[in-house]
Every structure is written in structure tokens, then in C-alpha cells.
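The next block holds one structure in the form of C-alpha cells; read it before the comments.
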Protein chains: 2
Amino acid sequence: MKKHILIYGLTGGLLIAVLRLVEYRFLVVEHSIEIYGSLIAVLFAGLGIWLGLKLTRKKEVVVVKEVPAAAAPFALDEGRLRELGVTRRELEILALIASGMSNREIGEKLFVSENTVKTHSSRLFDKLGAKRRTQAVQLGKELGLIP
Amino acid sequence: MKKHILIYGLTGGLLIAVLRLVEYRFLVVEHSIEIYGSLIAVLFAGLGIWLGLKLTRKKEVVVVKEVPAAAAPFALDEGRLRELGVTRRELEILALIASGMSNREIGEKLFVSENTVKTHSSRLFDKLGAKRRTQAVQLGKELGLIP
DNA sequence: AGCAAAATCACCCGAAAGTATGACGACAGA
DNA sequence: TCTGTCGTCATACTTTCGGGTGATTTTGCT
């Protein structure tokens, strides 16, 4: 900004000097005062416009463009977990059920017996109030336990 | 834009007229020419700045803002439906399975026998390559058949 | 009208899922 | 040390699912 003021001042001073020289030649001429004024007017108008442009260059209109975010990261609702009394293991099994695995497959994946998976899922269904595994999956999603 | 030019012209003319009047009083004064010039300079500089401001087209800066897309409207993938040969009824039943209903409940809701639901779901599983209803639900979601 | 696809239903059978009950060890916290 | 929770497993029983087959009716399209 200081640079602008400096340029402005210098231009003004220079103009005065130039006019001083010019003055002697044209002052005698009729209507020279109008020419003189016009000259200054044009020059300063141009300068003003230039300054105005410089000053407003930074005024930017921010346009917010909303883009559908790819995917909600999904955060496990820990609170709900305790609220319902669902244990880690049960949650783990719920996730596997949701992925479409059978009790046997889940048991193999977790290195436990199929019966264990059944007891876990049974207790899980109780806590969720589900009668079927498909319902448990649906409820689990609604409750924020699984993505 | 025409308005601006008009204002500009009028201002200039008016100024000339005013100066004409003022001229007679100050022309006799020493250095009046500098005052005169300064006056014009200041006025036109101001005018120029104002014009500059007006003329400056405000730059639009597009800010891409990621917003957690309220809700993906979900559009049924009709193409996939035909591609897999899944019928409307089967799709309907898939949706009800996904909501956690039993075959019996689905039958009651659709006013058909449980057996009918079973045949529909059986054929559906074939087409989806699913062995269990939970898996069918999972696949259905991946394939864009259900939300 | 006539064909093909879709929808409906039945019956059987085996597999998977779900319920109920009991039991045992590990581990944390009072 | 005692208690409660969690995870593990088993057995027995009921219900639900899923597969296979066959059949009839509806419906959409030419």
C-alpha cells in the first residue's frame, strides 16, 4: 500500500512540474485553462481507475460448491454399545453376520465352535431385540453399531 | 454501463461550469493554477477510483466444500436388474428380507403363502449367487438393488 | 389368440438358525 | 478372596431356511 501512495504522490508532483513548464507556453492561448484542467482530469481519472482496480483486486466472491462427500467414515457408537450391554465379541459376530457368513463360517474364522457363535448371537439378539439375524443386522445399522 | 458514462460526462461538464465561475475569483491570486489543478486532480482521482471500483468485475473464487451428502437418494439399478434377471417380485422380497422379516411375515404382508415367498427367495438367491438371506442382502446392497 | 415369462402354491427333506439350560475357566474390580 | 462379567462349549429341542420338483394361474406382448 505504501508503494501506491508513493507512486500517487510522485505522479502528482511530477505533473505539477510538467504543468509549470507547459503553463508558460499555453497560458497565453485562449481557453488554455480548460485544456489544462482536462489534462489533469484525464490523467488523474486514469490514475484513479488504476488505483481502484488495484484496491479491489482482492475482493473475491466466495462461491461455496457443495459436493457429495464420498463416504461417511462411520464411527462406532460406543455409548450405544454400553447402553445395550453389547460386548466386543458380540459386536464382532454381528459384523460377520452382516457380511453374510453362516454360524459355522464365523466359528471357523474366529477359531471357536459353532455353538459358541450361537450363544453369542443369541445373547446379541436378546440385547438388540431381534428375532432373526437379518433383523439384527438391520437394527445394528440403525443403532450405529455397524456401517 | 451507459449510466456510468452519463454520470461521468455530466460531472465533467458541471465541473467546467463551476470552474468558470470560480476562475474569475482566484485567477488573480498567485498560485491559483496549482489549487485549480489540485482540485480537478482530487475530484477526478476520486471519480476514477469510484469508477475503477465499479468496473472491477469481482473475481469468483470457487471453494469446493465437502459436505456429508445429506442422503444418497438411491436409484435402483434397473440395468443390473435385467442383467441378473431379477424380477420385480423378487426385488420386493429382497427388500423385505433386508428389513429383517421372516418368510412367514413377508407372505402375510404380501398376501401370499410362505411357500411362494420361499420359491421367490430361492430363485433370487440363485440369481445373486447367495447361499443365505443375509448374504443376499449384502450382495443386493453392493449391486445397487436395495438402499 | 397364443406364447413366454412371471407369479402363485404345495410337499418333502435336510441344513441352518435360534432357544433353553447348564457348565467351566479367566480376569477385573471391590 | 469373593463376585460379576465375559468368553467358551455342549446338549437337546424347535423353528426357520433353502433346495428340489412339479403344477396351475396371471400377465405382458405379439
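FYI, side chains are in, hydrogens and waters are out, and symmetry mates aren't considered; it's all heavy atoms of this structure. The chains referred to below are lettered A, B, ... by the order of the sequence lines, with proteins before strands, and numbering in each begins at 1. Predicted model, so just to flag it, every value in this text is computed and none were measured.
- Contact check, A:R133 against C:dG18: a side-chain N or O comes under 4.0 Å of OP1 or OP2.
- Within the structure, every side-chain polar atom (N or O) of A:R89 is placed at least 4.0 Å from both OP1 and OP2 of D:dG7.
- In terms of phosphate contacts, B:S122 brings no side-chain nitrogen or oxygen within less than 4.0 Å of OP1 or OP2 of D:dG18.
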Next on the checklist: Show, in sequence, the C-alpha distance, side-chain angles and deciding distance for A:S113 and A:T116, and conclude whether the side chain to side chain donor-acceptor pair (under 3.5 Å) test is met.
Outcome noted: CA-CA 5 Å; A:S113 84; A:T116 303; 3.1 Å; yes

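- The CZ-C1' distance, from B:F111 to C:dA7, rounds to 16 Å in whole Å.
- With rounding to whole Å, A:N115 atom CG is found 15 Å from D:dC13 atom P.
- Between B:N103 and the phosphate of D:dC17, there is a side-chain N or O to OP1/OP2 separation shorter than 4.0 Å.
- A salt bridge between B:R132 and A:E105 is present, with a side-chain N of the basic residue lying under 4.0 Å from a carboxylate O of the acidic one.
- Proximity note for B:S102 (side chain, C-beta onward) versus D:dT16, C:dA10, D:dT8: the nearest is D:dT16.
- Atom-to-atom distance recorded for A:N115:CG and A:N103:CG is 9.5 Å, nearest 0.5 angstrom.
- Side-chain nitrogen and oxygen atoms of A:R104 include at least one within less than 4.0 Å of the OP1 or OP2 phosphate oxygen of C:dA16.
- If you take CZ of A:F125 and C1' of D:dT15, they are 14 Å apart, rounded to a whole angstrom.
- Along DNA chain D, the nucleotide closest to B:I97 and the one closest to A:T116 are compared, and the more 5′ of them pairs with A:T116.
- If you check C:dT8, C:dC9, D:dT8 against the side chain of B:H120, the one that comes closest is C:dT8.
- If A:T119 and A:E114 are placed on DNA chain C by their nearest nucleotide, the residue sitting closer to the 5' end is A:E114.
- Under a 3.5 Å cut-off, the side chain of A:E90 and the backbone N or O of A:T87 do form a donor-acceptor pair.
- Look at CD1 on B:I93: it is 9 Å from P on C:dA7, rounded to the nearest Å.
- At least one side-chain heavy atom of B:L145 sits less than 4.5 Å from a side-chain heavy atom of B:L128.
- Of the candidate nucleotides D:dG7, D:dG19, C:dT19, D:dG7 has the atom nearest to the side chain of A:T87.
- Look at CG on A:L124: it is 11 Å from P on C:dT19, rounded to the nearest Å.
- Protein atom CD of A:E108 is 13 Å distant from nucleotide atom P of D:dC9, rounded to whole Å.
- Nearest to the side-chain atoms of B:K118 among the listed nucleotides C:dT19, D:dG19, C:dC9 stands D:dG19.
- Put simply, CZ on B:R82 is 16 Å from C1' on C:dA6, counting in whole angstrom units.
- When rounded to the nearest whole Å, the span between CD of B:Q135 and P of C:dA17 equals 11 Å.
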